[in-house]
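Note sheet for the following structure.
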Amino acid sequence: MPDTVSHANGERVLADLNALRALGSYKTGVHKPTFSEPHKQSLDWLVRKLPDAGLIGAIDGIGNILGTSAKPGPKLLAGSHLESQNYAGWLDGPLGVVYALEAARVLNTEPSLKGAVEVAAWCDEEGHFGSFLGSRSFVGQVSEAEIDTARDRTSGRTMRDALLEMGLAGRPRVTAEPGRHVGYLEAHIEQGDTLESGKLAIGVVTSIVGIWQYRITFTGEQNHAGTTRMAVRKDAGLTLAKFCVAIDERFPAACGPRTVWTTGRITLDPGAPSIIPGGAEMLFQIRDDNPAVIARLEELLRTMAADAAAKGPCSVSVEKLRTGAPAMMNAGFQDAIEAASKTLAGGRSLRMPSGAGHDAQMLATIMPAGMLFVPSIGGISHHWTENTADADIVAGAQVFVDACRRILAG
């Protein structure tokens, strides 16, 4: 790249991120759930900023923003999301939107560069109403019927009511224009400690894991906790606990090198201290970037459930709730990020998979996609203490803008 090219303005990037942080601030983080007032304020903020980058855009009928350019030449789409988890961090989502905005401000006004960066803010990546509703809508995977049934997981508010309150009811949803974009690039905090512990500046994402989620139900017999002998109990809670231990004992022999699994919620019915649980339920999740590994683990899970049911004293059933195909990031985009890192971050980069889901995996179903990570202090994410050093934020912005330039230049 020539020395005369413009670079990211680090002070401007930090100012933008702090402006978004002030909307819905909570301690050192934010509380900005989808379609809350702070989320709406953040969307309005971005719409006002788009003209600074030679872009025009508005909030569409599902809460997405797509800022488009009339500049001739190839178009690179970039962005992330602006809502947050409940009482969570200030960078998860906004970092990628601000990096995209900065790339557009720098590159769209560069006369020697053909083409432009277009900016997206995808709605509900954090899953308050559903799974990647904004980016899935853009790629044509969300039906009106799905929107009809979507409800906020915390409040129970319907998505239709939320859209009406946001003033978005009846607006069309923007979908991808075939052939318009050469690809999609997203930036994010790592949400882990690999970069920080290795004193690295940039993560070059190779793949994004798929997420498979299951409901495992145990049915026993509810009875009195004081009068029912241990030998005749059909304790669904105890059977669930033993099953959790068995998973941790048997999965390591069948998993891949980066497989993770989590029991995220356990409920007992009726959940009273003096009643033996007659029912129990666990929500269980597996993540990996290799579908063959997931298939092997799912088969093992179902075999274990059948064995546990045959052994008794409780019945066990497994219901698949969610299937998320992993996504491979484009090799050329990985090369562009790595080359930019060598120029602007001393080559302190690492090619690595993402253990978390991102909108990029939805965009990867219709166009080449790439992702860049910056370090997370202490590996913390989805908590209000989430943070990244200012110097790492600025370094990431420089690399992101340069990677965009390289992709547009072919």
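No experiment lies behind these values; they were computed from the predicted model shown. Count residues from 1 along the sequence.
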Non-hydrogen atoms of [X] and [Y] that approach each other most closely:
X: Met362; Y: Ser135; answer: CG-OG, 3.3 Å
X: Gly357; Y: Glu125; answer: O-OE2, 3.2 Å
X: Phe35; Y: Ala162; answer: CD1-CB, 3.6 Å
X: Val209; Y: Ala356; answer: CG2-N, 4.2 Å
X: Phe400; Y: Glu186; answer: CE1-C, 3.9 Å
X: Ile266; Y: Thr263; answer: CG1-CG2, 3.8 Å

State, yes or no, whether a side-chain contact exists between [X] and [Y] at a heavy-atom distance under 4.5 Å.
X: Ser207; Y: Pro326; answer: no
X: Arg136; Y: Asp359; answer: no
X: Val13; Y: Val394; answer: no
X: Thr365; Y: Gln141; answer: yes
X: Glu386; Y: Ile377; answer: no
X: Met352; Y: Val204; answer: no
X: Ile337; Y: Ile202; answer: yes
X: Val374; Y: Leu195; answer: no

Pair Asp44-Gln41, side-chain contact (heavy atoms from CB on, under 4.5 Å): steps then yes or no: CA-CA 5 Å; Asp44 290 339; Gln41 292 170 356; 5.6 Å; no

Candidate pair Trp261 and Asp248, rule side-chain hydrogen bond (donor to acceptor under 3.5 Å, both in side chains), full reasoning: CA-CA 9 Å; Trp261 56 90; Asp248 267 10; 2.7 Å; yes

Tell me whether the count of non-hydrogen atoms from other residues, nucleotides or ligands lying under 6.0 Å of [atom1] in [X] goes above 12.
X: Ile56; atom1: CD1; value: no
X: Arg258; atom1: CZ; value: no
X: Lys234; atom1: NZ; value: no
X: Tyr26; atom1: OH; value: yes

Validation row, ring centre Phe132 to ring centre Trp122 under 6.0 Å: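 So the answer is no for these two rings.
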
Output field: ring centroids Tyr184/Phe333 closer than 6.0 Å: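 Not close enough - the centres of the two rings lie 6.0 Å or further apart.
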
Assess the side chains of [X] and [Y]: does a donor N or O sit below 3.5 Å from an acceptor N or O?
X: Ser69; Y: Asn108; result: no
X: Thr206; Y: Arg351; result: no
X: Thr194; Y: Glu190; result: yes
X: Arg406; Y: Thr343; result: yes

Charged N to carboxylate O below 4.0 Å: is that the case for [X] and [Y]?
X: Arg12; Y: Asp16; value: no
X: Glu319; Y: Arg215; value: yes
X: Asp307; Y: Lys311; value: no
X: Arg151; Y: Asp161; value: no
X: Arg105; Y: Glu102; value: yes

Residues Cys123, His39; criterion side-chain contact (heavy atoms from CB on, under 4.5 Å); working and verdict: CA-CA 10 Å; Cys123 188; His39 180 220; 3.9 Å; yes

Keeping the roles fixed (side chain from [X], backbone from [Y]), state whether a donor-acceptor pair exists under 3.5 Å.
X: Arg250; Y: Met304; answer: no
X: Ser84; Y: Lys32; answer: yes
X: Tyr99; Y: Ala397; answer: yes
X: Asn64; Y: Ala120; answer: no
X: Asp193; Y: Ser197; answer: no
X: Ser25; Y: Arg21; answer: no
X: His81; Y: Glu83; answer: yes
X: Ser42; Y: Pro38; answer: yes
X: Asp124; Y: Gly130; answer: yes
X: Lys27; Y: Tyr87; answer: no

Trace of the side-chain contact (heavy atoms from CB on, under 4.5 Å) decision for Phe138 with Val174: CA-CA 6 Å; Phe138 183 72; Val174 176; 4.2 Å; yes

Which distance, rounded to the nearest 0.5 Å, do you find between the [atom1] of [X] and the [atom2] of [Y]?
X: Gln191; Y: Ser381; atom1: CD; atom2: OG; result: 3.5 Å
X: Met159; Y: Thr34; atom1: CE; atom2: OG1; result: 8.0 Å
X: Glu118; Y: His181; atom1: CD; atom2: NE2; result: 4.0 Å
X: Asp52; Y: Thr109; atom1: CG; atom2: OG1; result: 11.0 Å
X: Asp148; Y: Thr158; atom1: CG; atom2: OG1; result: 9.0 Å
X: Glu126; Y: Ser131; atom1: CD; atom2: OG; result: 11.5 Å

Derivation and outcome, side-chain contact (heavy atoms from CB on, under 4.5 Å), residues Ile147 and Ile62: CA-CA 9 Å; Ile147 297 174; Ile62 202 168; 4.0 Å; yes

Pairs where residues 144-173 contributes a residue and the test ring pair (Phe, Tyr, Trp, His ring centres under 6.0 Å) is met, not counting sequence neighbours: none

Test applied, side chain to side chain donor-acceptor pair (under 3.5 Å); reference residue, Trp90; option that passes from Thr388, Asn387, Thr28: Asn387

Residue among Glu165, Glu144, Glu146 satisfying salt bridge (Lys or Arg N to Asp or Glu O under 4.0 Å) with Arg160: Glu144

Phe284 and Tyr214 aromatic ring geometry - parallel, tilted or perpendicular at 30°/60° bounds: tilted

